[in-house]
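As the structure is a prediction and not an experimental result, all values here were calculated from the model.
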Amino acid sequence: MAKVNEAAAMEIDDPNSNISDQISPKFSINVLQLLKSAQMQHGLRHGDYTRYRRYCTARLRRLYKSLKFTHGRGKYTRKAISESTVTEVRFLHVVLYMAERAWSHAMEKRQLPDGPNARQRIYLIGRLRKAVKWADLFSHLCSVKGDSRTSLEAEAYASYMKGNLLFEQDRNWDTALRNFKSARSVYEELGKYGDVENQVLCRERVEELEPSIRYCLHKIGGSNLQASELLQIGEMEGPASDLFKSKLEAAMAEARSQQAASLTEFHWLGNRFPITNAKTRVAILKAQELEKDLHGPLADSLSAEKRLVTFDKVFTAYHEARSCIRSDLASAGSAENVKDDLNGLDKAVSAVLGQRTIERNQLLVSIAKSKLTRRRDDKNEKVTKPEELVRLYDLLLQNTADLSDLVSSGRDRKPEEVTFAEECELKSLAFRAERCFYLARSYSLAGKRSEAYALYCRARSLAENALWKFQAHSKTDQVMIKELKTLYDECRSYSCIEHATGIIEEVKAPENLSKKISTISLTGADKKVEKYLLEKLDLYEPAISESNVKAVPRIEPFPPAFQSIPRNPIVLDLAYNAIDFPSIENRMKKDKKGFISRLWG
């Protein structure tokens, strides 16, 4: 009987399915799995609520047509869905997708670029109320027409929708907390049973509900969460946490705007630059808060991926600040003092942005180095090549040169700026040594021993020079000094290895050459030869001494191919048919016939 009900639940789009013949009236719907699949396939994987809302509308239209439950062509009168109406499982799907459409419409308004205004917020709350109404009806119908598991999932869904409505209204936090906890407890219990896929979905939904529960506790006063902790729990992904993220971003933006009133100056290298624009203050304050996560006490606990995401947010905030500054410069007019302050602020923000760019690229270098030295356990894992590190160090050299030029620009250079430019030059020396080292490794992997040995020696010389200058500098960077010492030792080791490998290859060269010459033949198994040796007599391409040559060289194709040869010409007598020969009948011998032959001839 359970198989019959399950088959009926799967045949949703079949207009010819007839569930009224079933003996048991209990229907089964895996609500969470059905919704998760629809959401991931129709826009919510990328947070596109508009696409998901359109899908829900199209889905409802198909369900209405297949059920023959349309509302007529004349005046619109909605047909109510009651317990007596639900004769098959598709009626429950109609109610469920009505709730999903209202909820996705509300989330679409929540994700507007500048946030919903007062009028749009009223509409948003109205759509959430509509979603709660349909979710309650779905829970009631499932409690009567569905089995026990379907009834539990519908109850958890209705509790989740009620919690979302109260969460958006910023009131009755205890009731919202009770609804979220009720949904969480149901999903925790359901996650203990069923197949593996269902257990994973239930655990994911429990994790998505956790930030909303903690935020409700924070608003009630039962939890002493700091702003940084709220940001950390807001990093969770999933449709269930999108409303919490939007609420958290709105709260953090409001808090930044309040704190920005006290941010009147920007400090950089001992200089103070006044900030008059409120948008510039908010953008710089947002960037400084994000920088605390990168340089704070918890920075080491962050993974490399999260740090890269934080760097991107910092860049966005500083670029926004620069655009505000330059718009102020355009509207400053002829006020020289205001222009000087804005130019100084723009230079300072650009310099800080350059510093963060160098730090981000250094993080990328450390990630690439870890992948270069680590053994590849997963076959699908991308292997880092030395050429990629060379490219990253090229970027670092360009970043340091740009930053040094930016700081050195201007007529009146202060001692702090001179010191900062010297530090950029020292970093550039270290980056040059690192770049030369990985360039040598790329030549070594290509089998070019002499070039690799020369580059290793050059990298050791650059590392020694940079190490000496770092130690002589007043502000010594111990981390950079340690890296340069390691680089110097590695250059020495690799140069010795390359020297020894080159000597071994030179000693074995005649033997290897004779072996490779012995493999040359007329016939070969490899039929795909680009050019034979006899065709390349005017080119110097050592086919037998190259280690990367896969195919065995061949002298000439054998047996040789057929060639066309000249033959005797064919003579055609074209004039024969055009000649009129004279008649010779008079010269021909005539047969004499008798009387009888004349009669029968």
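- The environment of Lys339 atom NZ is dense: over 12 non-hydrogen atoms of other residues, nucleotides or ligands sit within 6.0 angstrom.
- Between Ala183 and Tyr160, the shortest heavy-atom contact is CB-N, 4.3 Å.
- Contact check for Val352 versus Phe266: side-chain heavy atoms found under the 4.5 Å cut-off.
- Salt-bridge annotation for Arg121 and Glu168: present, with a side-chain N of the basic residue lying under 4.0 Å from a carboxylate O of the acidic one.
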- When you look at Glu291 and Tyr318, which way does the side chain to side chain donor-acceptor pair (under 3.5 Å) test go after all the steps? CA-CA 11 Å; Glu291 286 175 347; Tyr318 275 128; 2.8 Å; yes
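- When only modelled atom types and interatomic distance are considered, Ser408 and Glu417 share no side-chain donor-acceptor pair under 3.5 Å.
- Taking 4.0 Å as the cut-off between side-chain N and carboxylate O, Glu359 and Arg356 count as a salt-bridged pair.
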- Task: Determine, stepwise, if the pair Arg360 / Asp312 fulfils side-chain contact (heavy atoms from CB on, under 4.5 Å).
- Result: CA-CA 9 Å; Arg360 196 273 307 268; Asp312 291 338; 3.9 Å; yes
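- In this structure, Tyr494 has its ring center at least 6.0 angstrom away from the ring center of Tyr453.
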- Begin from the C-alpha positions of Glu100 and Tyr52 and carry the test side-chain contact (heavy atoms from CB on, under 4.5 Å) through to its verdict. CA-CA 9 Å; Glu100 281 291 292; Tyr52 182 61; 2.5 Å; yes
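- Relative to the six-membered ring of Tyr187, Arg203 misses at least one condition, a distance below 6.0 Å or an angle of at most 45° to the axis.
- Ion pairing of Glu451 with Arg458 is absent here, as no side-chain N (NZ or NE/NH1/NH2) approaches a carboxylate O to less than 4.0 Å.
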- Item | Worked verdict on Glu320 versus Arg281 for salt bridge (charged side-chain N to carboxylate O under 4.0 Å, His left out) | CA-CA 10 Å; Glu320 184 179 354; Arg281 292 176 183 173; over 6 Å; no
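- Tyr438 places a side-chain heavy atom less than 4.5 Å from the side chain of Leu372.
- The closest side-chain heavy-atom distance from Phe431 to Arg435 is not below 4.5 Å.
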- Query: Taking it one step at a time, do Val365 and Glu434 satisfy side-chain contact (heavy atoms from CB on, under 4.5 Å)?
  - Reply: CA-CA 10 Å; Val365 165; Glu434 293 273 3; over 6 Å; no
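- Checked by atom type and distance alone, the side chain of Ser493 pairs as donor or acceptor with a backbone atom of Asp489 at under 3.5 Å.
- The two residues Glu265 and Ile275 have their closest heavy-atom pair at C-CD1, 4.0 Å.
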- For the pair Phe420 and Leu403, evaluate side-chain contact (heavy atoms from CB on, under 4.5 Å) and give the outcome as yes or no after the intermediate values. CA-CA 10 Å; Phe420 187 80; Leu403 185 58; 3.8 Å; yes
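- Within a 6.0 Å radius of NE2 in His42, other residues, nucleotides and ligands contribute more than 12 heavy atoms.
- Put simply, the side chain of Ser461 never gets that close to the backbone of Cys457: no donor and acceptor are under 3.5 Å apart.
- Put simply, the residue from Lys448, Arg441, Arg449 that forms a side-chain hydrogen bond (donor to acceptor under 3.5 Å, both in side chains) with Glu498 is Arg449.
- Side-chain atoms of Thr501 and Glu505 form no donor-acceptor pair, as typed in the model, at a separation below 3.5 Å.
- Side chain of Thr400 to backbone of Leu396: a donor-acceptor contact under 3.5 angstrom is found.
- A salt bridge is absent between Lys286 and Glu289; no separation between the charged side-chain nitrogens and carboxylate oxygens falls under 4.0 Å.
- Formation of a donor-acceptor pair under 3.5 Å by the Ser331 side chain with backbone atoms of Ser327 is found in this model.
- Side-chain contact between Lys313 and Thr316 is absent, with no heavy-atom pair separated by less than 4.5 Å.
- Going from atom CG of Asp346 over to atom OG of Ser323 covers 10.5 Å, rounded to the nearest 0.5 Å.
- Once rounded to the nearest 0.5 Å, the distance linking CG of Leu395 with OG1 of Thr357 reads 10.5 Å.
- Closest approach of Ala440 and Ala452 over heavy atoms only: O-CB, 3.6 Å.
- Side-chain contact of Tyr215 with Glu210: a donor-acceptor pair under 3.5 Å is absent, judged by distance alone.
- The existence of a salt bridge linking Glu425 and Lys469 is excluded, since no basic side-chain nitrogen approaches an acidic carboxylate oxygen closer than 4.0 Å.
- A side-chain donor from one of Gln398 and Asp402 sits under 3.5 Å from a side-chain acceptor of the other.
- Counting all heavy atoms, side chain and backbone alike, Cys424 lies closest to Ser404 at CB-CB, 4.1 Å.
- Surrounding CZ of Phe311 are more than 12 heavy atoms belonging to other residues, nucleotides or ligands, all under 6.0 Å away.
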- For Glu208 and Arg205, run salt bridge (charged side-chain N to carboxylate O under 4.0 Å, His left out): C-alpha distance rounded to whole Å, both residues' side-chain angles, the deciding distance at 0.1 Å, then the answer. CA-CA 5 Å; Glu208 290 173 2; Arg205 180 50 65 95; 3.4 Å; yes
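- No side-chain donor-acceptor contact under 3.5 Å links Tyr456 and Glu490.
- In this structure the side chain of Glu108 never reaches within 4.5 angstrom of the side chain of Arg127, judged on heavy atoms.
- Leu308 is listed as a side-chain neighbour of Ile367, based on a closest heavy-atom distance under 4.5 Å.
- Of all non-hydrogen atoms in Leu363 and Ser366, the two that sit nearest each other are O-OG, 2.6 Å.
- In this structure the side chain of His319 reaches within 4.5 angstrom of the side chain of Phe315, judged on heavy atoms.
- For Arg492, the CZ atom sits in a loose shell: 12 or fewer heavy atoms of surrounding residues, nucleotides or ligands are nearer than 6.0 Å.
- By the 4.5 Å heavy-atom criterion applied to side chains, Tyr49 and Gln111 are counted as neighbours.
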